[in-house]
Number of protein chains: 2
Amino acid sequence: MQPIKPEKKQFENYQMVLSADCVVFGFDAGDLKVLLIQANEIPFVGQWSLVGDLIDPKEDIDEAANRILKDLTGLSKVYLEQVHTFGKIDRHPNDRVVSIAYYALVKIEDCVFDKASQKRNASWHSIKKIKTLAFDHNEILDHCYLQLKNQIQRYPIGLELLPPQFTLTELQALYEAILGEVLDTRNFRKKILSTNLFVDTGLLQKGVAHRPAKLFKINQEKYFKNGG
Amino acid sequence: MQPIKPEKKQFENYQMVLSADCVVFGFDAGDLKVLLIQANEIPFVGQWSLVGDLIDPKEDIDEAANRILKDLTGLSKVYLEQVHTFGKIDRHPNDRVVSIAYYALVKIEDCVFDKASQKRNASWHSIKKIKTLAFDHNEILDHCYLQLKNQIQRYPIGLELLPPQFTLTELQALYEAILGEVLDTRNFRKKILSTNLFVDTGLLQKGVAHRPAKLFKINQEKYFKNGG
DNA sequence: TCAAAAGTGTTCTTATTACACCCATGG
DNA sequence: CCATGGGTGTAATAAGAACACTTTTGA
């Protein structure tokens, strides 16, 4: 075995471009939403697309995804999970760009779009109404959405989409929006409360024309102990 | 919104190198094994490492993983699943190399190592005995092994590691090796047979000094219908 | 006839599903 | 007092876990 001295030129013919694309999920008005912006690359100019950017060679890939989110929403401690890497040869029209897909869970009301994002019409779109996206972003979206569905049934990550205090009805609506099916209220509550990840704040909803719901919050200690 | 005409130079500063690394699982003598070769890159020369190679910019990433396996084992229709992309800045000592990790399931007896692999001592290592690997390959291995454990409990992919005909005891041994725990024989058989993915060939083991076991095979029709 | 692994059912426990009425508030 | 959504328990079913003995072969 002859050790090969690794020199830059060894890699010369293997250079390509990496991007990180994020499916940013939010929840509002009983609807699961995804953050989209308008593409600015030919031939997709003006078409809706996921948010993404090229990864700098000096940058960790997870940090790149975080940077993209921070730039776009102003949020820095966001739930972010790598899902899959998409690398078909012709997925990008002008160059070989391999994309690492992430999904993020954010609270919509905390987002503040920067000017660049505003120019590109950054906005929330109900997942049920999303049509054709730029590039292979429909495929990426489908993959990430499926991953979210699977994860929500194993881990209490749904909390990342809700404000600090929420009612169990809101929580159920969130699960129903993500899973795309209606759940039995009693069974849902039984299961959710049996995890002890949710604690009653003792507070009640106000100003609603019906029996006010109890407000719950995360059991911080238990949530973070389980690596939430 | 001004459309940006994408030109090569736009991407000039974002070039990096992509590799595919494969955790190749095999099963032999009741043991889950992983195919390793000796690294030939400073400072890891001679250390055990996963099999991998750089991805050519003209090559689909999944095809690259398949090519690596084909070159190494001679096998071309291998169960292969992308797991995760590893992109810490310093994971490769001499350049920025981002690695897409795959795991593969192969039948050990079908593998034929080519000369290059032989030179680098391609060989099967019990997963229980694997120590320090080159690069960040321990991390990659752990990730892929965990993924395999999860998948085996949902899908009957274990078959990919067994010869065309096998006994239920062998199948159980495989599950136990992967999961790292002993299973109850009666419950295991009940569950496995209830899937109808396995059919009795009517044949028996020969030449064993005990009651010969029935030989089973895959229910092809059902297996492939479920996207196996 | 012995050693060694193959093969087989039932009971208990736990998790999941299905289902209907009363409660508290604002208007 | 009515409309609206909040909140609660029990019974039935299904899935998973625990457990021990008989069978068939080669040596």
Side-chain angles (χ1 to χ4, degrees), chain A residues 27-31 149-156 158 162-163 165-217 226, chain B residues 27-31 149-156 158 162-163 165-217 226:
Chain A
F27 181 65
D28 180 46
D31 230 14
K149 279 187 191 175
N150 287 329
Q151 295 297 90
I152 195 92
Q153 296 183 79
R154 296 164 164 258
Y155 311 105
L162 291 176
Q165 299 193 349
F166 50 88
T167 70
L168 292 184
T169 304
E170 285 164 355
L171 187 62
Q172 184 177 344
L174 170 62
Y175 274 73
E176 291 179 339
I178 292 174
L179 297 174
E181 60 185 302
V182 297
L183 303 174
D184 179 276
T185 304
R186 278 176 287 194
N187 294 339
F188 177 78
R189 287 169 180 238
K190 206 187 309 176
K191 193 165 181 177
I192 283 293
L193 293 176
S194 74
T195 65
N196 288 322
L197 282 162
F198 303 83
V199 293
D200 188 343
T201 61
L203 304 173
L204 294 178
Q205 256 185 334
K206 276 184 195 167
V208 289
H210 55 77
R211 178 174 173 178
K214 293 177 182 174
L215 291 169
F216 285 75
K217 62 177 180 181
N226 297 343
Chain B
F27 181 65
D28 180 44
D31 230 15
K149 279 186 191 175
N150 288 330
Q151 296 296 90
I152 195 95
Q153 295 183 79
R154 296 165 164 256
Y155 311 105
L162 291 176
Q165 299 192 347
F166 50 87
T167 69
L168 292 184
T169 303
E170 284 164 356
L171 187 62
Q172 183 177 345
L174 169 62
Y175 275 73
E176 291 180 338
I178 292 174
L179 297 175
E181 59 183 302
V182 297
L183 303 174
D184 179 275
T185 303
R186 280 176 286 195
N187 293 337
F188 177 77
R189 287 170 179 239
K190 207 184 312 173
K191 193 165 180 178
I192 283 293
L193 293 176
S194 74
T195 64
N196 288 322
L197 281 162
F198 303 84
V199 293
D200 188 344
T201 60
L203 302 173
L204 294 178
Q205 257 184 332
K206 277 185 194 166
V208 290
H210 54 78
R211 176 173 176 178
K214 293 178 183 173
L215 290 169
F216 285 76
K217 63 177 180 182
N226 298 342

Could you list where the contact with chain A starts and ends along DNA chain D, reading 5' to 3', using a 4.0 Å heavy-atom cut-off?
-> D:dA3 to D:dT10
Could you give the CZ-to-C1' distance, from B:Phe216 to C:dG7, as a whole number of Å?
-> 10 Å
Interatomic distance, B:Arg186 CZ vs C:dT8 P [rounded to whole Å] | 12 Å
Spacing of A:Phe216 atom CZ and A:Leu162 atom CG [to the nearest 0.5 Å] | 13.0 Å
How far does CG of A:Leu193 sit from OG1 of A:Thr195, to the nearest 0.5 angstrom?
-> 7.0 Å
Should B:Leu197 and B:Tyr155 count as side-chain neighbours, where that means a heavy-atom distance under 4.5 Å?
-> no
Could you tell me whether the side chain of A:Phe188 reaches within less than 4.5 Å of the side chain of A:Leu171, counting heavy atoms only?
-> yes
With sequence neighbours excluded, what pairs up with [X] under the side-chain contact (heavy atoms from CB on, under 4.5 Å) test?
| X | answer |
| --- | --- |
| B:Lys190 | B:Asn187 |
| A:Asp31 | A:Lys33, A:Ser126, A:Lys128 |
| A:Glu176 | A:Gln172, A:Val182, A:Leu183 |
| A:Glu170 | A:Phe166, A:Thr167 |

Using atom names, set out every protein N or O paired with an N or O of nucleotides 1-6 of chain C below 3.5 Å, distance rounded to 0.1 Å.
from, atom 1, to, atom 2, distance (Å)
C:dA6, OP1, B:Thr169, OG1, 2.7
C:dA6, OP2, B:Thr169, OG1, 3.2

Give me the distances for all protein-to-nucleotides 10-14 of chain C N/O pairs that come in under 3.5 Å?
from, atom 1, to, atom 2, distance (Å)
C:dT10, O4, B:Lys190, NZ, 3.0

Would you mind writing out the side-chain donor-acceptor pairs for residues 201-215 of chain A within the sub-3.5 Å range, not counting sequence neighbours?
from, atom 1, to, atom 2, distance (Å)
A:Thr201, OG1, A:Leu203, N, 3.1
A:Thr201, OG1, A:Leu215, O, 2.7
A:Gln205, OE1, A:Ala213, N, 3.0

Closest approach of A:Gln153 to A:Lys149 (non-hydrogen atoms, all atoms of both residues) | NE2-O, 3.2 Å
Name the residue closer to the 5' end of DNA chain D, choosing between A:Leu204 and B:Lys191 according to the nucleotide with the nearest heavy atom.
-> A:Leu204
